[in-house]
Amino acid sequence: MKTSRRKHAAVVLATAAIMTGGAMTIGAGTASAAGPSVRFWASGQQSDGSRSIGIDVNGRLAGQAYWKANGDTLEVVDPTPDG
């Protein structure tokens, strides 16, 4: 009895995944043509191993993250006032 329930659950999950993928593919055609321009960039590694990573959307800074190697700290900053 357990085997048939597992098979049924697997079929349900697989069907849901296929349907979700299909729905996302259908809607992505028109949206991707008018989508924003996104660029990720990273600074070189500092002497202590720290780095910074930035995200630009349509040429404007949309977010920045700072990896501080001394203390293993990740700080993320949202500089835009868009909420």
Side-chain angles (χ1 to χ4, degrees):
M1 191 60 104
K2 289 183 182 179
T3 304
S4 64
R5 285 186 182 180
R6 287 181 184 166
K7 285 183 181 179
H8 180 68
V11 169
V12 169
L13 288 174
T15 303
I18 290 170
M19 292 179 73
T20 302
M24 292 176 74
T25 302
I26 291 169
T30 56
S32 64
S37 170
V38 179
R39 182 177 74 95
F40 292 88
W41 52 268
S43 71
Q45 186 172 353
Q46 305 297 318
S47 61
D48 66 350
S50 298
R51 292 181 177 266
S52 57
I53 301 165
I55 303 164
D56 294 335
V57 176
N58 294 331
R60 293 187 55 207
L61 183 64
Q64 205 159 6
Y66 303 99
W67 168 254
K68 298 176 185 173
N70 57 354
D72 289 339
T73 305
L74 179 64
E75 177 186 1
V76 179
V77 179
D78 180 8
T80 57
D82 62 356

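In what follows, every heavy atom counts, from backbone to side chain, and hydrogens, waters and symmetry copies are set aside. Residues: numbered from 1 along the sequence shown.
Residues passing the side-chain contact (heavy atoms from CB on, under 4.5 Å) test with D72 are W67, sequence neighbours excluded. Contacts of V38 classified as side-chain contact (heavy atoms from CB on, under 4.5 Å), with partners at least two apart in sequence or in another chain: P36, F40, I55, V57. Scored by the side chain to side chain donor-acceptor pair (under 3.5 Å) test, N70 finds no partners at all (sequence neighbours excluded). In this structure, the side-chain contact (heavy atoms from CB on, under 4.5 Å) partners of L61, at least two apart in sequence or on a different chain, are W41, D56, Q64, P79.
Annotation: salt bridge (Lys or Arg N to Asp or Glu O under 4.0 Å) contacts involving residues 59-70, sequence neighbours excluded, comprise K68-E75. A salt bridge (Lys or Arg N to Asp or Glu O under 4.0 Å) check over residues 40-49, counting only residues at least two apart or in different chains, returns nothing.
Residue G49 comes nearest to A69 through the heavy atom pair C-CB, 3.6 Å, listed as atom of the first residue, atom of the second, then distance. In plain terms, the two heavy atoms of D78 and A62 that are nearest each other are OD1-O, 3.4 Å.
Taking Ile, Leu, Val, Met, Phe, Trp and Tyr as members and joining any whose side-chain heavy atoms lie under 4.5 Å apart, directly or through other members, the hydrophobic cluster of V77 also contains Y66.
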